Amino acid sequence: RRETSILAAHNTSSTSIYLEWSAPALHTIHGQFQGYLITYRPRDTSPRQAKEMQIADPAATSYTLEGLAVYTQYLLSIKVYNPEGSGPETIVVVMTDEGAPSSPRNLKVLSTLATSIQVSWWEPARPNGIIQGYRLYFKHNNLTSVQQVGQNKSAVLETL
């Protein structure tokens with residue numbers, strides 16, 4: 001086997017991915033084994049946008065990439081390198097976990113009545129995952145109440 005084998009690749013948070021591997025057989029590495037080169041990029045971006053992480057420890061068998069984008073598929077590759085260059089790469093696709101969404105956009109009051117208010121909004125610019133619903137918080141007579149709303153993007157709050 002000439003290439004590095006990936007043993008595990010999974011997200012550890014909404015912004016990090018853990019990668020574990022086993023080295024190729026030493027007799028397949030020509031020259032001095034200096035370490036590993038991990039290349040990664042969001043799957044829907046150009047290869048030119050790939051970032052590299054050099055691991056100058058031939059004994060290393062795992063690494064955690066951090067500071068990644070939330071809820072994004074990443075294309076990761078790993079290969080060994082020596083003074084002459086790098087060996088064949090092994091590629092895997094891993095997705096970072098969901099994270100908190102940004103705020104809903106374009107909140108509007110559509111109508112107000114004596115005992116209710118109707119509001120509408122747009123979904124967040126960065127949902128950072130699958131939106132399961134919304135919570136509307138409102139204050140009346142110094143008491144804060146919350147109303148859970150499903151997937152729809154408008155609601156009538158019986159507040160007053």
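Throughout, residue positions are numbered sequentially from 1 according to the sequence presented. Not measured: the values here are computed from a predicted model.
The cluster map of Ile, Leu, Val, Met, Phe, Trp and Tyr, joined by side-chain heavy atoms under 4.5 Å apart, puts I117 and V146 in different clusters. No path of Ile, Leu, Val, Met, Phe, Trp and Tyr side chains, each step under 4.5 Å between heavy atoms, connects L110 with L107, placing them in separate hydrophobic clusters. Cluster membership for V94 and V70, using ILVMFWY side-chain heavy atoms within less than 4.5 angstrom, is not shared. In this structure, L68 is not a member of the same hydrophobic cluster as L75, with clusters built from ILVMFWY side-chain heavy atoms closer than 4.5 Å. Criterion: ILVMFWY side-chain heavy atoms under 4.5 Å apart, direct or through other members. Under it, I131 and Y71 are not part of a common hydrophobic cluster.
Taking CG from D97 and CG from N11, the interatomic distance works out to 4.5 Å, rounded to the nearest 0.5 Å.
No side-chain heavy atom of T96 sits under 4.5 Å from any side-chain heavy atom of S14. Residues L76 and I78 have side chains not in contact (no heavy-atom distance under 4.5 Å, counting atoms from C-beta outward). Side-chain contact between N82 and I29 is present, with heavy atoms from C-beta onward closer than 4.5 Å. The side-chain heavy atoms of V80 and Y36, taken from C-beta on, include a pair separated by under 4.5 Å. Within the 4.5 Å cutoff, the side chain of K153 has no heavy atoms near those of the W122 side chain. For the pair T39 and E89, the minimum side-chain heavy-atom distance is 4.5 Å or more.
Looking at T12, its side chain never comes within 3.5 Å of a backbone N or O of Y18 through a donor-acceptor pair. Using a distance-only test at 3.5 Å, with no hydrogens or angles considered, no donor-acceptor pair links the side chain of T72 to the main chain of P42. Between the side chain of R135 and the main chain of Q147, no donor-acceptor pair closer than 3.5 Å is present.
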Ring pair (Phe, Tyr, Trp, His ring centres under 6.0 Å) between Y137 and Y134, intermediate numbers included | CA-CA 10 Å; Y137 294 88; Y134 298 88; over 10 Å; no
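Scanning both residues, P24 and T4, for their nearest heavy atoms gives CD-OG1, 3.7 Å.
A search for side-chain contact (heavy atoms from CB on, under 4.5 Å) contacts involving A60 returns W21, I55, D57, not counting sequence neighbours.
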